[in-house]
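Since the structure is predicted, the reported quantities are computational estimates derived from the model, not experimental observations.
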Amino acid sequence: MSTSVPSNVAGIHPTITPVPQTPPPGDSPAPPGAAPERLASWISDLTALHDLTERLARTSTLRDALHETLRAGAHLIGARRGLIALRPPAPGDQEGPTAPDRLTGYGLTPADLGQLETVPPAAAPHTRLLDGAGDGTATELTHPDLAADDTLDPRLRDVARLLGCAAGHAALLTAEPGTSTGTSTSTGTGTGTAHRLLAAALWLYDEAAEPDQRQRELLTRYLRHAAQHLAQHAALAATRAELATLREGLLPSRLPYLPGVTLAAHHRPRPAGGGGDFYDALALPDGALGLAIGSTAAAGDTGAATVAAVGRLRAGLRAYAVMEGEDPVAVLSDLELLLRLTEPARSATALYGFAEPAAGKLVLASAGHPPPLVVGEHRTEFADTTLSAPLGMLACWEAPSVEIDLAQGETVLLYSAGLLHRTGEPRDRAFARLQSAARAATPRVRADPQALIDHILRALPAGAAAEAGGPYDGREETVLLAARFH
């Protein structure tokens, strides 16, 4: 005898009749296979966006990020050229986005960008977005046929015809507060969240065209991510620029003029800003000259901390040189004591020389710094500075001084370790290459300290750096100070 199974028995459920999926009234049924096709299209779009954002994340500078954003946008909407205009800083705005160029082009020459800059701001699509973003309305502008649109400014149409551009699409780039700089504005996205204006991009078509709805959505999604990335780069670029300005302010604004000696200097900071190298040349009483160069760094240092340490060391060295400059050992001993009392966890290399141009005398003391190079008609040799430890490395720093007799026309070259690193070779071979480069200088070059510095900078990276794995990348800070005695 059969019995019905009650529906409340554990583990047994009644059969649920599926609800048929009927299309809304007035719509025709979707063809078979439409859903998988839509899913495949979504997956393809998301994969493309992922690849493009990955490429953008790998950029290391603001300029590279701008170019990658333009390239990706052109790929998404089918354009060939484009440009990005950064928001100009407002009056009194000390934190506005900064870049090497406020107008960055993709597929456009500098002359093309110059032509576009002649278009009145109220007529160009990208500048219209920037100027009108505060009203919370437009976030994009499209001109599908520039030649046929009589409402456009004649200058815009003339420039478009000159550049061979038939259509354009502009979009606003904004970033969330806290990731960008400048004043907050609303983008009119409907979210009610304040944004910080960053830039506007314009892509140009060679033929009359405009992006379809799918392309607009992909571009909007990409630009939302790109704006955040660009804002971070802009903030970092602004910080680096401020740090570089401060760093340059801590170095001599000009070299002193003294009878019997000609001075020249070169400083190339690291692209990332900061840097721990410093140099100085001081006019001392009785026609004497103080020459100094050094470097400092500490593990885990921030750029600002290193710059502050350089400022303290240089100020201390100048004071000690004025008080007891004729004794280089005493100057470095006092500097070591200052370093130990103010920053016990930091070390520094330094070299100080007291020169008497009239007598042709130079007294040197070194604290772990590379020895100076004496370049003249009859000799090109390193000064025999006694090997010593850097400042702050031993319980008590001490090293003897070295006296050098300088002939008329000889040049003393002081330099940082970054100059040796340009070769990409071991230290002993780098010294040999530096000596060879100076020895190869012509008499005319040796007679001009600035020409000698330029000659050495050109000669050192060649040859050996390629053998060591590639050319010099310019990331090492480099300082040179040359003094030619008449």
Side-chain angles (χ1 to χ4, degrees), residues 260-266 277 279-281 288-295 328-329 332 349-390 399-465 478-486:
V261 63
T262 304
L263 299 170
H266 169 86
D277 293 348
Y279 70 94
D280 211 338
L289 173 68
L291 299 172
I293 191 169
S295 178
V329 173
L332 294 187
T349 66
L351 187 146
Y352 175 74
F354 177 79
E356 297 176 284
K361 299 289 185 181
L362 176 63
V363 183
L364 293 168
S366 176
H369 202 81
L373 182 64
V374 180
V375 182
E377 182 181 359
H378 302 293
R379 63 170 174 174
T380 302
E381 60 188 22
F382 292 100
D384 188 17
T385 54
T386 304
L387 184 64
S388 63
S401 61
V402 176
E403 183 174 323
I404 303 174
D405 293 324
L406 296 170
Q408 183 178 4
E410 288 189 328
T411 299
V412 178
L413 180 68
L414 283 63
Y415 52 92
S416 64
L419 181 66
L420 302 175
H421 297 164
R422 293 171 68 94
T423 65
E425 295 183 317
R427 196 174 180 86
D428 56 342
R429 296 182 63 183
F431 278 122
R433 181 166 288 274
L434 171 59
Q435 187 177 24
S436 299
R439 186 179 289 121
T442 63
R444 183 177 180 179
V445 170
R446 288 196 300 267
D448 183 352
Q450 186 61 59
L452 179 62
I453 288 177
D454 295 340
H455 166 78
I456 290 176
L457 290 174
R458 288 193 302 267
L460 275 189
T478 306
V479 172
L480 294 94
L481 177 61
R484 182 176 185 269
F485 295 83
H486 304 165

In short, Val363 meets Pro328 closest at the heavy-atom pair O-CG, 3.4 Å

Between the side chains of His486 and Thr262, is a donor N or O closer than 3.5 angstrom to an acceptor N or O? yes

Would a 4.5 Å heavy-atom cut-off, applied to side chains only, mark Tyr279 and Ser416 as touching? no

Find out whether Thr385 and His369 are in side-chain contact, i.e. whether some heavy atom of one side chain is under 4.5 Å from a heavy atom of the other. no

Measure across Pro371 and Tyr415 and return the closest heavy-atom pair with its distance rounded to 0.1 Å. O-OH, 2.5 Å

Exercise: identify the closest heavy-atom pair between Pro357 and Gly260: CB-O, 4.0 Å

Verify, without hydrogens or angle tests, whether His266 (side chain) and Asp454 (backbone) share a donor-acceptor contact under 3.5 angstrom. no

Would you indicate whether Asp428, at its atom CG, is surrounded by more than 12 heavy atoms from other residues, nucleotides or ligands within a distance under 6.0 Å? yes

Closest heavy-atom pair and its distance - Ala441, Leu452: CB-CD1, 4.0 Å

Side chain proximity check, Thr423 to Leu434, heavy atoms < 4.5 angstrom: no

Take atom CD of Glu381 as the centre, draw a 6.0 Å sphere, and report whether it contains more than 12 heavy atoms from other residues, nucleotides or ligands. yes

Does atom CZ of Arg444 have more than 12 heavy-atom neighbours, drawn from other residues, nucleotides or ligands, at distances under 6.0 Å? no

Set of side chain to side chain contact (heavy atoms under 4.5 Å, CB included) partners for Ala359, sequence neighbours left out: Glu356, Lys361

With side chains defined as the heavy atoms from C-beta onward, is the minimum distance between Leu460 and Arg433 less than 4.5 Å? yes

To the nearest 0.5 Å, atom CG of Leu419 lies from atom CG of Leu480 at 5.0 Å

Heavy-atom pair of closest approach, residues Ala482 and Thr411: CB-CG2, 4.0 Å

One should read off an interatomic distance between Ile456 CD1 and Arg458 CZ, to the nearest 0.5 angstrom, of 10.5 Å

Would you give the length of the straight line joining atom OG1 of Thr478 to atom CZ of Arg422, rounded to the nearest 0.5 angstrom? 5.0 Å

Per the side-chain contact (heavy atoms from CB on, under 4.5 Å) rule, which among Thr380, Leu413, Asp405, Leu406 passes with Val374? Leu406

Contact summary for Pro400 and Val329, nearest pair of heavy atoms: C-CG2, 4.0 Å

Distance in Å, Leu291 CG paired with Phe354 CZ, rounded so as to fall on 0.5 Å steps: 10.5 Å

Could you state the interatomic distance from CZ (Arg484) to CD (Gln408), rounded to the nearest 0.5 Å? 8.0 Å

Atom pair CZ (Phe485) and CD1 (Ile404), whose distance is rounded to the nearest 0.5 Å: 9.0 Å

